[in-house]
There are 2 protein chains.
Amino acid sequence: MKEKLKEHIEKTISISDDEFTFIVSHFTFENYKKNDFLIQEGEHVNHCYYVISGLLKLIFNDKNGKQHIVSFAMEDWWESDFSAYFKQTKSNMSLQCIEDTCVYSISFKNYQKLSTELPKMERFFLLKSHSGHIASQQRILSFLNSNAKERYEQLLNQYPSLLQRVPKTLLASYLGVSRETLSRFSS
Amino acid sequence: MKEKLKEHIEKTISISDDEFTFIVSHFTFENYKKNDFLIQEGEHVNHCYYVISGLLKLIFNDKNGKQHIVSFAMEDWWESDFSAYFKQTKSNMSLQCIEDTCVYSISFKNYQKLSTELPKMERFFLLKSHSGHIASQQRILSFLNSNAKERYEQLLNQYPSLLQRVPKTLLASYLGVSRETLSRFSS
DNA sequence: TTAAAATTGTGATGTTTGTCACGCTCAATC
DNA sequence: GATTGAGCGTGACAAACATCACAATTTTAA
């Protein structure tokens, strides 16, 4: 498990074994079951998660009781309600397991401590934040220049495994389309 | 002009006058006319911009010749094709003036130099990146849980001045809706 | 100043997508 | 092994939105 985190970090920055030991001491390894919540809407968000295995959904419940999927988090992804995490406020989204999931979790306090004591890691988090920002902008672009069917095809193209791992209702909710409309794309 | 940049940075981190002098030496002040391009699609992206005054649009041209507005950049905003800037590749978007615009521009080399020599600024850029990521996620959410009319009202609510400063064709292109449909919302 | 271009509104019509309703299948639970 | 509920497809209809066409007005540039 530790190896996965180490390899992940080393894709971006070089670290010694000692440094990694120091880094990993700021994290907690956690195990969640399908349907467990890592973040509950309305509660204080104190942790950010790196997914080792399994699958999470970041969901927003609107005033009409509809559930929207802001993001899926697969192996090798970082996820949290980043707005609430960085501003240290209550969440307006939930983070829930689609499958049994293992994560490395870091508290906000430890995130700050680690960033300060090991500037390399601040650079690492900066680069991760860039990636997140760029990925979000790509998703905005897909809403602007593609219709629902095209977005569906792009999603399957980018993450073919999702089709096997996720009920289509959730894919529809991620794409911003109704379950029925998405169902008709397959036929 | 320098004061605006200083005040902007001081909203996030504390800096001395000497530090600011050092910081500003990494930037170039530039003046653009309406319709000028700061970034041209297909060209290498070497600069990131802080808008002092004026208004920019970040646009993506799709294969059907349609223009989509990924982002407006108003006073006090940072803008670039961040994907191309950070990866130092060619742009697939353009950044163009809607109004005459003054910016502080920083090259990628100077961005790296400044981040390294003044770690405070790396933290500053990190916090700016978080804001950008969070803002993009909010925009994704608006596509998921609001229809075109609601998105229009939210935009006018958030940036009332846009209605005076920007032709409605551009607002439509930002919202992902046709000009005609947007026009009918007003009546 | 005057001609050309950009901006906006609006009608007619077609396409895309949402909503409601129903039935079938499959997996989980007792 | 019977029951319950999730997942999925599909028909019928309604709502949202796009597209094409045209006219009126304003802005821009020669």
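The model shown is predicted, which means the values in this text are computed figures rather than measured ones. No hydrogens, no waters, no symmetry mates; every other heavy atom, side chains included, goes into these values.
The side chain of B/S178 lies closest to D/dT19 when the candidates are D/dT19, C/dT10, D/dG7.
Look at OH on B/Y152: it is 11 Å from C1' on C/dT8, rounded to the nearest Å. With rounding to whole Å, A/L171 atom CG is found 12 Å from D/dG7 atom C1'. Going from atom CD of A/Q164 over to atom C1' of D/dC8 covers 15 Å, rounded to whole Å. Between B/N147 atom CG and D/dA18 atom P the separation is 11 Å, expressed in whole Å. Between B/F185 atom CZ and D/dC17 atom C1' there is a gap of 8 Å when expressed in whole angstrom units. When rounded to the nearest whole Å, the span between CZ of B/F143 and C1' of D/dC17 equals 14 Å. The separation between B/K33 atom NZ and D/dT28 atom P is 13 Å, rounded to whole Å.
The phosphate of D/dT28 has OP1 or OP2 within less than 4.0 Å of a side-chain N or O from B/K34. Residue A/K66 has a polar side-chain atom (N or O) positioned under 4.0 Å from OP1 or OP2 of C/dT19. Between B/T169 and the phosphate of C/dT7, there is no side-chain N or O to OP1/OP2 separation shorter than 4.0 Å. An OP1 or OP2 oxygen of C/dT17 is reached within less than 4.0 angstrom by no side-chain nitrogen or oxygen of A/T181. The phosphate of C/dG9 has OP1 or OP2 within less than 4.0 Å of a side-chain N or O from B/K168.
Each of B/I23, B/V24, B/D17 was compared with B/K6 under the side chain to side chain contact (heavy atoms under 4.5 Å, CB included) criterion, and only B/D17 meets it.
Taking only distance into account, the side chain of A/R179 never meets the base of C/dG18 through a donor-acceptor pair shorter than 3.5 Å. If you check distances only, the side chain of B/E180 does reach the base of D/dC20 with a donor-acceptor pair under 3.5 Å. Between the side chain of B/R184 and the base of D/dT19 there is at least one donor-acceptor pair of N/O atoms closer than 3.5 Å.
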*Given Watson-Crick or G-U pairs with both distances under 3.5 Å, what dot-bracket string fits DNA chain D, with | for other-strand pairs and [ ] for crossing?*
||||||||||||||||||||||||||||||
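Comparing B/N35 and B/R151 by the nucleotide of DNA chain D whose heavy atom lies nearest to each, the residue mapping closer to the 5' end is B/R151. Mapping A/V177 and B/L163 onto DNA chain C by nearest heavy atom places B/L163 closer to the 5' end of the strand. The residue among A/G176 and B/L182 whose nearest nucleotide of DNA chain C is located toward the 5' end is B/L182.
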At a cut-off of 3.5 Å, list every protein nitrogen or oxygen paired with a nitrogen or oxygen from nucleotides 24-30 of chain C, distance to 0.1 Å.
none

